[in-house]
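Below you'll find the structure, written out as structure tokens, and then a few comments.
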Amino acid sequence: MAHIPEEIIIQSITRDGKRFRPSDWVDRICSSYATFGDDRKLRYSPYLKPEMIDGVRCLAVDMQLRNANPDGFEELIQFAEENNLNILNSEGESIDPPKAVTPETDA
């Protein structure tokens, strides 16, 4: 069975080595997963974290998002795939896109 990383990194670099535009996509995604707290202040998801790695804008995704928000996780992976973005494990190695968690059905 393959090891599931605790975190994946989605780079602002395509698999063809080009910078992805718009350059603020990480901020846009973090904002779209944010919620308002009881104090009416915007709270970013604890599962998404903008990062700068080796001068490249990246989005760190905690794999717990798969269980907490399976649809949101799937949407995020589809976004990365549709835009041909590099997905890395926490060691910086390219990986295949992780699959969303699907509920087991009784057969």
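In summary, Arg43 and Asp39 engage in a salt bridge, as defined by a charged side-chain N under 4.0 Å from a carboxylate O.
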Starting from the C-alpha separation in whole Å, work towards a yes-or-no answer on side chain to side chain contact (heavy atoms under 4.5 Å, CB included) for Ile8 and Ile95.
CA-CA 9 Å; Ile8 59 171; Ile95 60 170; 3.7 Å; yes
Are Ile29 and Leu59 close enough, and set up right, to give a side chain to side chain contact (heavy atoms under 4.5 Å, CB included), and what steps lead you there?
CA-CA 9 Å; Ile29 287 186; Leu59 179 64; 3.9 Å; yes
Yes or no on side chain to side chain contact (heavy atoms under 4.5 Å, CB included) for Ile9 and Ile53, after CA distance, side-chain angles and deciding distance?
CA-CA 10 Å; Ile9 307 294; Ile53 301 173; 4.0 Å; yes
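Here Phe73 contributes atom CZ and Leu65 contributes atom CG; the two are 6.5 Å apart, rounded to the nearest 0.5 Å. Atoms OH and SG, from Tyr47 and Cys30 in turn, are 14.5 Å apart once rounded to the nearest 0.5 Å.
Val26 and Pro50 make their closest contact through CG1-CB, 3.5 Å (heavy atoms, listed as atom of the first residue, atom of the second, distance). Contact between Ile10 and Val61 at its shortest, heavy atoms only, is CD1-CG2, 4.1 Å. Glu7 approaches Met63 most closely through the heavy-atom pair N-CG, 3.8 Å.
Counting only residues at least two apart or on different chains, the salt bridge (charged side-chain N to carboxylate O under 4.0 Å, His left out) pairs with a member in residues 80-93 are Arg15-Glu81. Screening residues 21-34 for salt bridge (charged side-chain N to carboxylate O under 4.0 Å, His left out) gives Asp24-Arg28, Asp27-Arg57 as the qualifying pairs, with residues at least two apart or on separate chains.
At distances below 3.5 Å, at least one donor-acceptor pair connects side-chain atoms of Asp62 with backbone N or O atoms of Gln64. Side-chain atoms of Asn83 come within 3.5 Å of backbone N or O of Phe79 as a donor-acceptor pair.
Grouping Ile, Leu, Val, Met, Phe, Trp and Tyr by side-chain contacts under 4.5 Å, direct or through others, puts Val56 with Ile13.
Checked against salt bridge (Lys or Arg N to Asp or Glu O under 4.0 Å), Asp54 has no partners two or more places apart in sequence or in another chain. In this structure, Ser45 has no side chain to side chain donor-acceptor pair (under 3.5 Å) partners at least two apart in sequence or on a different chain. With sequence neighbours excluded, no residue forms a side chain to side chain donor-acceptor pair (under 3.5 Å) with Glu75.
When each of Leu88, Ile87, Asn89 is checked for a side chain to side chain contact (heavy atoms under 4.5 Å, CB included) with Ser94, only Leu88 meets the rule.
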